[in-house]
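Following: one structure in structure tokens, then a few remarks.
Side-chain atoms are counted along with the backbone in the values below, which use heavy atoms only and exclude waters and symmetry mates. Start at 1 and go down the list; that is how both ligands and their atoms are numbered. Each residue takes its place number in the sequence, starting with 1.
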Amino acid sequence: MSEVPILKETTRSTGREALRNNITAAMALAGAVRTTLGPLGQDKLLIDDEGRTLVTNDGVTVLESAKVEHPVAKMLINASTTQDRIARDGTTSAVLLSAELLQNAWELVLQGVHPSAIARGYRLAEDACRAHFDQLVIDATPERQRHAARTSLAGKIHETMQHHLAELALEAAQAIQEERPSGVVVDPTRVKILTQTGGSMTDSRLVTGLVLAKKRVIDSMPKHLKSGKIALVDGGLERRELMSSVKLNVTNTGVLEQFRQQEKAMLLEQVDHLVSLGVTLLACKEGIDDDLHGALSDAGIQAYRRVARADLDLLARGTNATLNHDIGGLTKRDLGVFISSRNERWNGVMHWIVETEEGGATFIAKGSTNETVGEVVRCFADALGVACQLLEEPSLLPGGGATQIALARHLRRFAEGFAGREQLAIEAFADALEVIPRVLAQNAGLDPLDSLLQTVAQQSTAEDGQGHFIGMNIVEKGPANMVEKGIVEPLRITRQVLAGATEAALSVLRIDDVLWAKQDPTVPDMPESDDES
Ligand code: ADP
Ligand code: MG
């Protein structure tokens, strides 16, 4: 058993060498997004295989589009993607922090500290930060919620739009909040996004209810319905297609006609069934046979066909209806209720607007080009993410690096309670947290070290008990009270950045053996984007 066959075709790096390669990869990745952090961060121009372009300063977008092959870099990208999923923001910070934690770990390894001791210290430090959040949080008053939504848009879109989108996001979040036994739940996917190219982005607006760019099947159907019952069909009201293996031997012309009539009668029975249930609004995923339009219209039903599955789901959530494939089998319990359903022509396009008890809202994103509409949609989603989180967990932390500096100060005191190597690791964690204020300062053209030292000094000498509010005011280029300046962020984002970055760093520290299949064993940094598959 001297030669393990599976290792024949591999190159292996172990121990320190493996760790060094992995950390180099993490640093390279952080380098790619470093300059995008903060409102004065720079944009990146992304170009895909087909030459399509996107200008963004969103960390996770940059990372997800990069063709990264190094497994450790991929782990960090995963951390950033998780951050995006859970908190919708803080993606750049998560990558910067995990890379910094690794860089500092490496310095300790060089001094002879074993990675497992570092990992222990890092865990202790993260727990200590979590426990300290209580001392730092402030209540998310409505005014501060507005500030937080705007902070999430800083540097991404011009100021008038920041204000506008922040208001709309808060309003939308209110419209979709649900009271559950476990507490308030606000799911941003309940807001429908409708895009319209043309006009100014400042015309973007929020409409109560669900809006679909659809018209009712025929004009003779009612244009406006006041409250009633809705049926949602996960199929259609159509003649079944004959299976190709079935042969119909038509011996006399009447047979085919009879067959058609029978089918029509069966479909009409389904319409009768809907009428008997008292349905006045119908939405189908597939088609509705032409032969039925008249009957539906006569029954006073407003019907829609080819409604996208995602829209049917939103309708189901808003009306409490259940999606059903078989109309014949529909019962009263499957039906939902709506407050109103109407058709309106906007810029020459018919729209269907449904208002329901359960709320729901539609954001209409406008812009002169597809690119600007896309930008408006992305920004709205960011602000909506913040607004939803704040309804679920109404706690905020000061931004602009203030919280990270306060946590680092706390950790340095906390570290004194430990001896030896763990103390070193906790201090290394504290130093790593300061990457956020340092990079914010750097991206604003300030000296990172001077700015950091000034801010730390002001935090520690503040006598009003609000030292931890002091962060980098990168617009006025000096330390300032972030809460007064309205630069605040949901606790959930900062807490998740910390958790995700620590987790990613720890999983890299645990690796001491890397086996590369066949070629190209050493690519520690991001390879050029030549796809050879
Ligand atoms: P991320 O992807 O990590 O969210 P961003 O580019 O959105 O990265 O930058 C977020 C950071 O910018 C946060 O630390 C936030 O506190 C900070 N920030 C936002 N606005 C300001 C401001 N006006 N002054 C200082 N820092 C700010
Ligand atoms: Mg952000």
Side-chain angles (χ1 to χ4, degrees), residues 29-30 32-44 56-64 76-77 79-100 136 144 147-157 159 162 165-166 169 378-386 389 396-408 433-446 448 451-452 455 468-498 500-501:
L29 193 74
V33 291
R34 207 180 165 83
T35 55
T36 70
L37 185 79
L40 297 183
Q42 301 286 303
D43 292 345
K44 302 266 169 195
T56 181
N57 74 6
D58 184 27
V60 75
T61 313
V62 174
L63 295 177
E64 284 177 351
L76 262 57
I77 294 177
S80 170
T81 309
T82 312
Q83 177 74 33
D84 190 42
R85 192 165 37 78
I86 297 178
R88 177 76 224 175
D89 203 1
T91 52
T92 313
S93 305
V95 170
L96 290 182
L97 183 58
S98 48
E100 198 71 12
L136 305 179
R144 288 186 189 143
H147 290 159
R150 270 184 233 150
T151 301
S152 75
L153 299 179
K156 295 193 176 136
I157 203 158
E159 211 156 307
Q162 285 176 21
L165 290 177
R378 280 192 299 279
C379 286
F380 176 77
D382 288 351
L384 180 64
V386 167
Q389 293 180 32
L396 287 164
L397 285 169
T403 296
Q404 288 79 7
I405 292 176
L407 288 173
L433 283 171
E434 289 173 345
V435 71
I436 304 296
R438 270 192 280 118
V439 173
L440 281 173
Q442 193 165 25
N443 288 349
L446 300 171
S451 309
L452 179 64
T455 316
H468 56 283
F469 289 179
I470 299 178
M472 302 276 168
N473 183 353
I474 57 182
V475 181
E476 286 156 31
K477 317 247 178 248
N481 184 318
M482 293 288 110
V483 180
E484 277 169 14
K485 295 280 171 197
I487 301 159
V488 286
E489 288 166 316
L491 163 67
R492 195 181 286 180
I493 292 178
T494 311
R495 192 176 52 207
Q496 178 58 31
V497 167
L498 207 68

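The atoms of ligand 1 that sit less than 4.0 Å from any heavy atom of Gly400 are 15 (C), 16 (O), 25 (C), 26 (N). Atoms of ligand 1 found under 4.0 Å from any heavy atom of Ser93, numbered from 1 in the order shown, are 1 (P), 3 (O). Of all atoms in ligand 1, numbered sequentially from 1 with element shown, those under 4.0 Å from a heavy atom of Met472 are 24 (N), 25 (C). For ligand 1, the atoms sitting less than 4.0 Å from at least one non-hydrogen atom of Gly399 are 16 (O), numbered in the order shown with element in parentheses. Using a 4.0 Å cut-off to heavy atoms of Thr36, the atoms of ligand 1 that qualify are 6 (O). Counting the atoms of ligand 1 from 1 in the order shown, those under 4.0 Å from a heavy atom of Thr92 are 1 (P), 2 (O), 3 (O), 8 (O). Remark: ligand 1 atoms within the under-4.0 Å shell around heavy atoms of Ile474 are 24 (N), 25 (C).
The protein heavy-atom contact nearest to atom 18 (N) of ligand 1 is Pro39 CD, 3.6 Å. For atom 22 (C) of ligand 1, the nearest non-hydrogen atom of the protein is Ile487 CD1, 3.4 Å.
Under 2.8 Å from the Mg ion (ligand 2) lies no N/O/S atom of Asp382, from backbone or side chain alike.
Looking at heavy atoms from C-beta onward, Lys485 lies in side-chain contact with Glu476 at the 4.5 angstrom threshold. With a 4.5 Å cut-off on side-chain heavy atoms, Gln83 and Val497 count as touching. In this structure, Ile157 and Gln162 have side chains that are in contact, with non-hydrogen atoms separated by less than 4.5 Å. Within the 4.5 Å cutoff, the side chain of Ile474 has no heavy atoms near those of the Asn443 side chain.
Taking all heavy atoms of Leu153, Asp89, Thr35 into account, the minimum distance to atom 4 (O) of ligand 1 is reached by Asp89.
For Leu136 against Ala406, the heavy-atom pair with the smallest separation is CD2-CB, 4.1 Å. When all heavy atoms of Pro490 and Gln389 are compared, the closest pair comes out as CB-OE1, 3.7 Å. Here the closest heavy-atom approach between residue Ala441 and residue Met472 is recorded as CB-SD, 4.0 Å.
When only interatomic distances are considered, the shortest N/O to N/O separation between Ala154 and ligand 1 does not fall below 3.5 Å. For a threshold of 3.5 Å applied to N or O pairs, the pair formed by Gly38 and ligand 1 contains at least one separation below that value.
The closest approach between any non-hydrogen atom of Gly41 and ligand 1 is not below 4.0 Å. Close to ligand 1: Leu37, with a non-hydrogen atom less than 4.0 angstrom away.
Not one N or O on the side chain of Ser98 forms a donor-acceptor pair closer than 3.5 Å with the backbone of Gly500. With hydrogens and angles ignored, the 3.5 Å screen pairs no side-chain donor or acceptor of Glu489 with any backbone N or O of Ala148.
Nearest N/O/S atom of Asp89 with respect to the Mg ion (ligand 2) is recorded as OD1.
Of the residues Thr36, Ile77, Asp84, Thr81, the one that meets the side chain to side chain contact (heavy atoms under 4.5 Å, CB included) test with Thr91 is Asp84. Of the residues Leu397, Leu97, Val435, Ile436, the one that meets the side chain to side chain contact (heavy atoms under 4.5 Å, CB included) test with Gln404 is Ile436.
Only side-chain heavy atoms of Leu440 come within less than 4.0 Å of ligand 1; its backbone N, CA, C and O stay farther off. Looking at Glu489 against ligand 1, only its side chain comes within 4.0 Å, counting heavy atoms.
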